[in-house]
Structure formats: structure tokens, C-alpha cells
Amino acid sequence: MDILTGCTGNVAAEAVKCTAKPVIRHVGYLFRFKKIVDDLIKAKTDLQLEQQKVQEAIDRAAMNNEIAEKDVERWLINVNQLMEEVQDLENKVQVNLRFCNGWCPEWIRQYKLCKEAIQKTNVVKELLQDKAKFSELTHRAPIPGIEIFSSSDFEVFESRKLAFQQIMEALHDDNNKRIGLHGIGGIGKTTLVNEVYKKVKGLNIFNDIVMTVVSQTPDVRRIQGEIAGCLNLKFEDESDMARASQICLRIKNVEKILIILDDVWKDVNLEAIGIPSCDDHRGCKMLLTTRSEHICNLMHCQRKIPLNFLLEKESWVLMKKTTGIVDDYPALNDVVIEVVKECKGLPIAIITIGKALIGKSLNDWKAALHELRKSRLVDIEGVDEEKNAYVCIKWSYDQLKSKTKLCFLLCSLFPEDYDIPIDELTRYAMVLEKYEDFHSVIDRMNQVRAAINSLKDSSLLLENFQSGYVKMHDIVRDVGLWIASKGRNEFKLKACNRLERNISFETITAISLMDSKAEKLPNKLVCPRLNILLFGGFQSSENISISFFEGMNYLKVLRLHDIILSSQSLQLLTNLRSLYLKFCDFSDDLSSLGKLKRLETLSFYGCGMVALPNELGELESLKILDLTACHTLKRIPPNVIRRLSQLEALTIDWFFKNWEVEGTTNNLNLSELNSLPHLGMLFIQLNLESLPQGYVFPDWQNFFISINMSTSVYFQPFDTEDNLFCSESKELQIKNLDASSMKAFKNLFRTVERIWIESCETEYIVETIRGNHTVIFANVVELYLENMSYLRRICEGPNQYEIFSNLTILFANECTRLTSLFSPSLARSLKKLKEFYLFRCHEMKQIIAEEGMILESHSQPICFPKLKTLQVKDCRKLEHIFPISVARGLPQLESLELEYLPQLKQVFGHENEGDHGDGNNNLLSKLSYLRLIDLGKLDSLGGGNSSSVWPSLEQLIVVNCPLMSSFTADVEANLRDLRKFQNLRILYADRCNAISVVLIHGLLNLEELVIRNCGELQEVFQLEGYLTREGEQQDVWPSMLKKMYLYHLLELRCIWNGPTILIDMNDLEHLIVIECKNLRYVFTPILASSLRALNFLQIERCGELEHLIVEDEDNGLLSYGDLQPLCFPQLCRVVVAECNKLKCLFDVVDWSAVSFVRMQSLLNLEKLEIRNCERLQEVFKLEGLLTGEGEQQNLLLSRLKEMLLYNLLELRCIWKGLTTLTNLNCLTNLKVINCGKLRYLFTPTLASSLQNLNCLEIHSCDELEYLIAKDEENRILSDGDLQALHFPQLCKVIVNECNKLKFLFPVTIVDSLLGLSYLEVQGASQLVEVFAHEDEGDAAIQKDVTLPKLNYIALDLLPSLVNFCPMNYHSILPNLRGLIVKSCPNMTTSFTCTPDKTVHINGEVSELDEKEESTGISAISPANKDIAWHASYAD
């Protein structure tokens, strides 16, 4: 108290002078200071007691799955914060007391403390009052979020990342109310949506998220309960309908809600559950997972997202994670890789097998691989019988309809990874019982195609890159074979895909040997129940014995490939319905085929018969006859085809040329086809000469007719081998016909859908002057015009409105007389046109004739409302594509490509001088791909006041468009609304000086940027003037950029100019900079720290480049903080060439404070290549790099595999500084060529890590003294260092022209060179020994060493060489096959060879007898002599 009085006495005297009441009140604080502080401490104590009570109550409640109320949580947070503040105040009071005791009273400080104490006391009292208001401290915890149960199997693979991003994009798009994720069972749909749940919850873009599993048999009550749990909704004992009403009301009360329905198998009645429709609640979004794309359609999903199989590399990573396998057991890893390949990217198969084989031996893995190759996943020891890939796929199979199940099982009979022809599959399925209730071929085909589509929707079949084919995933196929092999299916189908001894075929109903490796077939197979037999793929053409098919009386489907047979062997197959012969030859005249009365489909694809037998006409049930690719077929007897009264489909291609015309040959006449009453599908190729005089083709239901077309063209079913009947179409190809010959097709012109017309002498495709034209070409969907040199117009005459009204694709190439393509009236009729291609029409001036447009100016405006693709190339007189009014009528245009149009000034021009447009800025709103190449006069895209804005543009390619300045200005003017370019992902600019840095700035979602030959560009990103104000966020940089390529930019001085703190390049993976001669640096430190995904870096021919990372930024030296966070952690490959001012590649410059953890930037570098950098002195400059206590030390360069250094004339060392933090354990290949000032390659520490070095090649390094430095940081290489050196994988060593090198390696490492096979040393003038002692005391120790794999030694131009190795070392080379020693005059080492061809160095020299000398062994000669010896000389 005395202290307080002493501190306040003088202050009181001064205060008396003030008479104002407020002042007296405040002075009172000083006299009541102790009481005020005591009051605060007492209040604090009371609050601590209440805090403790509340916390204990919460802890007790947590044991009962209860959590604190939010206001209680906030109260506790406020209390904790206040306690810290009160404690700080108490500390200040104590300091003040000590200060006053030192005769220095601070009345102002004490006044402030007093006032603060009163404020804190009031806050404490308020918190105590708030606590008294709590009615409840805790409540029951909601059902845990899915993150608690999230699958540990989820990996961020590229194949998953794409689907994940698509889902997230769809969730952000207000137009997508329902989103469907579909894929085969076990592909990982549930795992992915779990991750979506976690991500969405973290982003807080929905107020509530609900997730429930629907399953095959939806339990409405269970689903309602799960939804209610997610929404904290409590039910009484109510009916399902009442519960649905409560759920619906609860959901509608949430502004934005996401509902995730997992495992949907059919159309779900959402109303019965309580989920409102999209119209009832606009803020409700739904994400569902299903195995069938068809379910997505039934559920009205606006966005359907497929989830595909894992890539092979991803599969390997998943298997390693599942099993815990490491990389240090190569023999096991090789088998595991094969097992992974058998899983074919199906996650559940990988996880199932991996978990079954955790900790198992190599033999167990081999056994599993054997079972997988036999398609027996369920036979692998340890595989869960209830939770594996087979069960998942079997569930999907069980849900199929009967006909679809049959197609599935038939697909599984095709070989692994086989491209299954839909046509071939159709022929087999249509003759089996399930399809016999459909009479016509077309009806049966439609049913099979519907089944195939259903299988694709269910992901049980995959789309093939080639149209008309499908594929079946290997695991799915294995399931099909497994189902069929058990024979427990409704078709009683029991399949076999191998012929094994001692196996009974009594119950087998299907055999598939399409990929059999058997060398020979048995003479007979007893298969009394066999329905399907698919043969082929034998090692050589096989003869089938006549008795082979005896006992197969029930056979219905037979496929033979590359077989030699007699038709007599088939005559007993009286139930045969489908016979498919491919590349077969016959030993008889095929007359016995006439006995197959029930045969419905017969194919001779590529078979070697010369003539069809007359007896073929007796096949009274035959519906399909296929004679495709029968190269040797010369004769089809008259009336054979005519007698096939039930024939519905016929194929004869251009290999058959001997058609009967006016009695010229005794062969098939085209007119016979008109006599077939049921013929509805005709596929023929023939020459014009084969048409009878006056012949007119009838109008068949489906046809493909090709005249004078001996090779495949733009569309051609005959080049897809097996796919002639896989689609219903009406297609016509004609070539080299005149106008009179066209009459043969007048019936077909009325119904044809796809037509190719080439080199025909006609001025018009359609002439309307004579009337009766409206039905011609009315059904044409695709029109192709090729090399029509006589063609002046497509249509001539009036009334063109209905012609080509169904046209969707128009292709015109080399129509050299066309000056315009459409009249305005014809253009108006093309309402369905989707694709338009115009190439090499050199006289074309307008696509739509302008003179007609003036006459029809008051008519309906021209538009192409469905046009999606437009390509115009090499039309040399074309000045614009369409008038601007037509551009407004292109609402669906997605792709626009214009190339080599030298007179094109505008893409969209004016109709006339007075029309400048209406200022509409919404042109081409769906354009996603724009490609402009070699348009020398193009200065803008649109005319008049219309500016070109493309909110959907994803790819922009501009090449050699020198006058595009107004175009880019137009684009820049629209950058104020950055959303207009939010979708642009790829920008490619070449020879386009108008490219603007401002343009690049607005492309926020740009992923790939390529700029070439833009000579005026000085910086890519101009950052000056874009600093954000406090509290604002200004996103104007392409932060999603993944690839950036800069080529031949001669004026480029920097890539980014200004404060790079604005830029985040976190996604950049590839950066290539080539021939940017004025570029001084690549990265700033802050920018480099953001490059966490950079994988590939290539810099070449940048003559002014001094640093990769600039040494200063805005005149400020690099600081410790500049390096945060990690730098280049994913960099895998670096190539630097011809950068003559570059002094150091990876430079940390003497930053003594730099933490090792912050410099762990090259952990993934695998390949480094540096060429022709004349001033480069160090590659890795690590001086001053420190490690902090407790830091995790992942060694630098631990994954470097290959390093190539060429022509680095100033290079003094590769690594400078603390190499103890560097590990080269993965380095396999090191080449150093023409590095004239390099003194050493490795420090002892680095050399000790070279466990996997395989190839070491050094050329022309004149200053090189050591491969391994004698000291490291002034420390002499010790015996311990030598013992640590060993190179067990070193296979090849080449050292040339290194004139200061005295030896290659210490002799102590010879024992470790177990893999060395090739050693070459040339032109090292000071080399004394190849292997040398480092310690002279070791010279007295005699030692034998073996180099077991050394195959070749070459020592040349080594004038100082004395020994290969020290004299006390006896080297044994059991596999040496070549020895060259030249120009080594001081060599004292002796080489001897024993009779077993083992070469000894410094061994005992045995006497050589005359016989040995005569065989060439004398080439291993005494010392200092040239040697040219090969082991073969000793034979």
C-alpha cells in the first residue's frame, strides 16, 4: 500500500488543480486502484468456476453422444479469450508496481491500467450473466457426416479427378438440378461421392447435405429415417406418407440443399420418400449413383457423368497402397504388376485381390496370377466370397432382361480384349430361342441392338473407338464365363473356352476356341448338347475331319476361322441356324451345304472358293447371305440367288466382278435381286458396266450401293470387315457417272439418306425447273461432293425450299467451278444442318449467293439453328463466310475452323453497305472451338457494331493472322466482364503480333497457353497496376494454367513483369521456353514457391538468361520468407540448352538462414539434361543450406535417375555445398561431355549413395582430376569412406579425353563391381592406374578379386598407364570376351588366359605352347605391347 501511496501522491496534488467533475472521477481511479484490481481478480475467479462447471457438463454429455449448443461453444470461446486478456492485464499491473518502486511514478500508465481493469471486470460480469441464461448446455449429436466413414481406398487419380471436377462443376451450375454418376459395379462410385460430400461440406455451398443408400430393393422407411437423421428431424410413430410430408416440408425450409442418393437401380418414387421435385424447390439438388446410364435418363438427370476404369499406373499405385508392397523386391513386383494388369483397372478387383494377398509370399502371388489368367478370381485363397468383383457384376447381370442376359453371355464367349462386331453378335443371337418369336431379320436385329444398348448403359459392355464394335472388360468377361461355366442360368448355357484332356463335354452347351493356341484339333468331339461352337485362331490352318461334327446334332451356331474343311463334314448339322466362315478354304465344291435346310445366316467372309454351288439355292430358310471379301469368287450360277425365297439380306462387294450383262457370262444378273420378295437389305459394290441396259434399282428398305468406287471413301461399311448389318441406313456412292446414268438411281434418290457423289459430269445436283423435284433428296441426311469439277450449283431453278430439308452433314471438296454454294431459299431450308465442310473450292466467292439475297431481302431471315461444326479451308476467293445476319442465326455453333483463305477480311460481313448490324453482342454464344490459320487479310470476325463474345469458348488457335489487331482489341473491350471467357482452356497463338498480354489476363480458367513467333511480345503477364486494395480480391490471372509453351519470342524480356505475389501457378505442370533470346530470368522466388505441380521444365536457346530464379525482385534481395512454401516438389524432368549466360541452375546463393525443409524442392526430379550453357559454373549450389532441429529431412535428388551434361565449358562442379543432404540412390545414368573445367564428379558422400548407377560416361573433361573427390569440405577421404563406396549395378564405364585424371576408382571398390560388363578408357594422358590405392599401406596385402560380368575392356592412348590395378591385386575375369590395349607404352600389367577362357590380371604367367599360340591366345601378350584379343580366337 505504501508503494501505491508513493506512486500517487504527486499525481493527486496535480489533480486538485482541475475542477471539472469528469476529471475528479478519473482521478478517483488512481486512489481506488487496488480495489479495482481486487474486484477484477475476484470476478475472474468466479468466472473460472462457472467455466469449469460448464466444461465438465459438456464432457459428461459427450459420453452420451451429445454436443454443446452453439451459444455455449461461443461462450466458452469468449471466456477463454477473456481469461488470456485478464492474465495479460495482471502481468502489466505487476510490472507497473515494480516500476513505481524504482522512484519513477507513471501516473498515465496507472490510469490506463485502472480504466482497462474496470472494463474487463464489466465483461466478466456480463459473461456470468450470459451463463445464467442457458436453458440447455448440450443436445443430441446429429448422425455423423460421411467423412467419418470415408473410404480409405480413395486416391486422387487423374481418371477420378476428371469425374470429381465434372461433379463439382455441375453442382455449381444452377441449370443442373439432378446429376447422375454412372459406371460398372465396383468402379468406385460410392467412394467418389463420399469425397464429393466432404468437399461440398467444406465449401459450405449448401445449407444442408443429405446422403442415403437406395439399393436394389428400396426400403422407403429406412431411407426416410436416414434423411431425417441428417436433417435432425424427429418422427413420431407415423405412416410412411406422413413421414414423407414432414421430410418434404423440412427440405423446402432449407434454402440450398444437396441430396445424394447412392446405388440407384431403378426409377425411384421421390414423392413417396418426401423429396420435392425440382420445380417445387429450386434450391434442391440431387446427385445419384447408378450402374446404368438409362437410370440417369429415367431420373431426368441434366448432367450424366461416366466413371471409367483406372489407368494401369493408377492401378499399380492402388495395389501398392492396399497391400503395403514396397519397391525393393523386384521379383515380387514383377508378378504383382502382372496381377494388376489382369484386374484391368477395376478398383474392387484390385482391392479384393490385394487384401487377400497382404503379407503373402511370391508363390502365393504366382498362384493368384495363375487363377486370374484362368478367369477364376473366386478360387484365389483369401478372397471374400460375398464381397468381390464377381458378386458386384453378378448383381448387375441378375437385373437384366432375359434377351439381354443372353447377349451378355454370348459376348463373354469372345476372346479377352476382343473387338466384338455387333453384326456378328447379332447373327448368333438372332437364331437362338429367345429371338425366334420375331420373324423378320430387321426385327431381330433391332431387338439385339436394344439388348446391346442396355448392356452399355449398365457398363457391362464398353464403347469401342471403332463404330460398330463393342468391348467387354476382362473382369466382366470372366464373370460371364463364370456364370456360363456353372450352367446355372436360364438358358442352360454351360460354356468352355479350352480343350483339356479327361474332361467330359456331355453337358457343355457352348465352346469358344476363338483364341486357341492348340496346334491340332481332335478328330471328333462328343458334345450331344452343344448349341454354340466358335473356332479359330489356331497356329496354322487346320483341316477338320469329316467326322469331327458327328454327335453335335443340336448345334445351332458355328463359327470357323482360318480352317480347311469339306462341306461334307457339315451335312449332319441339320439344326444349324447360323454358319459364319471366315478366311476358310474348302476341299470340295460345297455342294453338301444344300442339306442345311434350317440354316438362316451364312457368311463366307474372305473365304477361298471360286464358285458357289447350285445346291446353295436349296437353302429354303436362308435369310442372310454374306459374300464379303471373297477375293477368288468368279462364279455365282444363274438363279441360285433367285431361288433363295426367304432371303432378306445380301452382301456382294467389288471383288466379285463377273456380273451377267446381256448374256456375256453364265453368272448372276442384277435383275435377279428384283425377284426376291423379302429382300430388304442389300449391300453391293459394282462397276457401271455391270448394270443391265435400262436397269433401275428398286427402293429397298436398307441398302448400301457403291458404283465405280473400288476403294474406301469417307463412309464405307465394307472396310469394317464384319459390320455390314449393324446399322439400318440407305447409302449410295456413285463415281464417274454422267447425267444419263443417274436414271438408274431415280427410285433410290427419293429415300437415300447418305450419298457420296464423286467426279460426276453434272452441273447441278438437283434441277427444279421441270418440276416434280420436291421428293428428290428429301430424306438425305449426309451429302458428300468430291472432285465435282463440272458442278456450278447444288440446285438450279425455283422452289428450293423443301430440298435437303433433312440434311445434317454437307461436305464439298474440290468443286472448282462453284462460285456460290446455296441460293438464299435453299439456305433457309437447311434447318437441320449440323456439320458443314467446304474445302478447296477455289472459285467460291460467297457461300450464300448475294444476288439472290437482295431479291429475297424481305423473306424469312437465313439461319442454321442446329449448325455445330463449320470448317472452311483453301477457298482462295472467299471474302467472308456468312453475312452478319446469318451469324445471328447460329445459336448452336460449337466449332469454327478457317484455314488458308487469303482474301477473307471478315468472318461475318455486311449484307449491303447500309447494314451494320443491330449491335447484338450475343453472337456465337456456344462456340467452344475457334481455329484461325493463314488468314492474311482477316482483321475482325464480325462486321459493324456487333462485337464477338464467346462465353463458351474453350479452345482458341490463331496462326499467321497478321491483321488481327482489331480482333484482339474487340476481345479486350469485353474483358470487363471476365465471365465471358470463363471457359477458355487452350490458347494457341503463332505468328500473331496482335496477341495481347491484356487478353491473356482475362482467361481465368486457361489450362494451356502456347505462344510462338510473336516477335513484338515483351512480356506474357503484365502485373503492374493490378495491386488489390485492402479487403478486395481481384482474380485476373489464369491460376488454373497447366501447360505453357513459349517459342521464338525474340523480344520477350520477362514472362511476368511486376509484383508476382498476384499470381498463383499452383497447377502449372509443363513449362517450355525455347529461343526467347532476350529473356533474363524465368521465375521470381514468390512465383517459384507456388509451382507445386511443375513436372517438366525445358529451356533452350535463351541467350540472355542469367537465372532461373531471379536474384532480386523490385530491388529487394531474396529473404527467408520468399522461399515459402516448397519449391518445385513435383519437378520430374529438366532440360536446359544453349543458355550461355546461365551461371547456376538451382541456386540458393549463400542464404545462411535458409532452412533445409524449405529447400526440399527437387525430391521428384528424375531426369536432368543441360547442354551448351557456356557460363554455367555449378548445377546445384547449396552453400549455406541449414537444417533446423527436429526438421524432417527428405534428401534432395533422391529420385534422380538420369543426368546428362553436355558442352558446359565453365562448369567447375556439379554440386557445391552441403552434399550430405543429397541422395543419388536412384541415379542410373550419368553422362558428362566436354565440361572442360570440371574437377570432380562426386563427393565421397554422394558416391556412397550410388547404389543403382548403371552407366557412367565421361568425355573431354580436361580438368577432371577425380571421379570421386579426395576431400569433402577440407576432409580427407578416409578408410571408412572407401569402405562405404560400392557400385553393385554399375554396368558400363566410358572415359575419354580426361587428361588430368590419374585413376578411375579406388581399388577397394572392385569387389562391389558385380555388374560391370563394359570398360573403356581412352586419351587420358596422366592416367597411371585404372584402379588405384588411396592408402599406400594396403600395397603389401595380397588379394584376389573377381569381376564376374566384365565382358569388354578397351585401353587406348594412355601414355602414363602403368597398371590396370595394383600389383598386389589378382583380378579374375571369367566372362571377358574382348580386350583392346593400344598405345600404352608404360603398361606393366600382364594378362593371361586359362583353358576355360578365364582371363587373369597380375596372375601367374603360364608357359604358352605352340598350339595355344597358333589359336590366337598369344594376343594376351607381355607388358607394354598392344593387344587385340577376343575369346573366339581361342576356339
Look at the side chain of [X] and the backbone N and O of [Y], then say whether any donor-acceptor pair between them is shorter than 3.5 Å.
X: Ser547; Y: Glu550; answer: no
X: Asn669; Y: Ser671; answer: yes
X: Asn747; Y: Phe697; answer: yes
X: Glu648; Y: Val441; answer: yes
X: Asn531; Y: Tyr554; answer: yes
X: Arg750; Y: Lys746; answer: yes
X: Arg444; Y: Met430; answer: yes
X: Asp653; Y: Cys630; answer: no
X: Ser512; Y: Leu413; answer: yes

State plainly whether the residues [X] and [Y] are in salt-bridge range, i.e. N to O under 4.0 Å.
X: Asp562; Y: Lys582; result: no
X: Glu600; Y: Lys623; result: no
X: Glu424; Y: Arg559; result: yes
X: Glu618; Y: Lys597; result: yes

Hey, does [Y] have a side-chain heavy atom less than 4.5 Å from the side chain of [X]?
X: Asn667; Y: Phe656; value: yes
X: Leu691; Y: Leu686; value: yes
X: Ser412; Y: Met472; value: yes
X: Leu673; Y: Leu650; value: yes
X: Lys471; Y: Asp419; value: yes
X: Cys411; Y: Leu461; value: yes
X: Ile624; Y: Leu602; value: no
X: Leu625; Y: Ile641; value: yes

Side-chain donor-acceptor pair under 3.5 Å between [X] and [Y], yes or no?
X: Asp738; Y: Ser741; answer: yes
X: Arg598; Y: Asn575; answer: yes
X: Asn787; Y: Ser759; answer: yes
X: Asp699; Y: Thr751; answer: yes

Does [X] [atom1] have over 12 foreign heavy atoms under 6.0 Å away?
X: Arg529; atom1: CZ; result: no
X: Lys657; atom1: NZ; result: yes
X: His678; atom1: NE2; result: yes
X: Tyr695; atom1: OH; result: yes

Do the ring planes of [X] and [Y] sit parallel (below 30°), tilted (30 to 60°) or perpendicular (above 60°)?
X: Tyr784; Y: Trp756; answer: parallel
X: Phe604; Y: Phe586; answer: perpendicular
X: Phe548; Y: Phe535; answer: tilted
X: Tyr580; Y: Tyr428; answer: perpendicular

- Closest non-hydrogen atom pair, Ser603 against Arg427: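 Scanning both residues, the minimum pair turns out to be CB-NH1, 3.3 Å.
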
- Taking all non-hydrogen atoms of both residues, which atom of Glu672 and which atom of Asn639 are closest, and how far apart?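 For Glu672 and Asn639, the tightest heavy-atom pair comes out as OE2-N, 3.1 Å.
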
From [X] atom [atom1] to [Y] atom [atom2], the distance as rounded to the nearest 0.5 Å:
X: His561; Y: Leu581; atom1: NE2; atom2: CG; result: 11.0 Å
X: Leu807; Y: Glu782; atom1: CG; atom2: CD; result: 8.5 Å
X: Lys456; Y: His294; atom1: NZ; atom2: NE2; result: 14.5 Å
X: Cys407; Y: Asn453; atom1: SG; atom2: CG; result: 10.5 Å
X: Gln568; Y: Lys595; atom1: CD; atom2: NZ; result: 8.0 Å

- Taking it one step at a time, do Asn687 and Ser690 satisfy side chain to side chain donor-acceptor pair (under 3.5 Å)? CA-CA 6 Å; Asn687 295 323; Ser690 301; 5.4 Å; no

- Item | The single option from Val780, Ile765, Leu748 passing side-chain contact (heavy atoms from CB on, under 4.5 Å) against Ile755 |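 Between Ile755 and the candidates, side-chain contact (heavy atoms from CB on, under 4.5 Å) is satisfied uniquely by Val780.
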
- Message: Show, in sequence, the C-alpha distance, side-chain angles and deciding distance for Ile544 and Ile564, and conclude whether the side-chain contact (heavy atoms from CB on, under 4.5 Å) test is met.
- Response: CA-CA 6 Å; Ile544 289 185; Ile564 302 172; over 6 Å; no

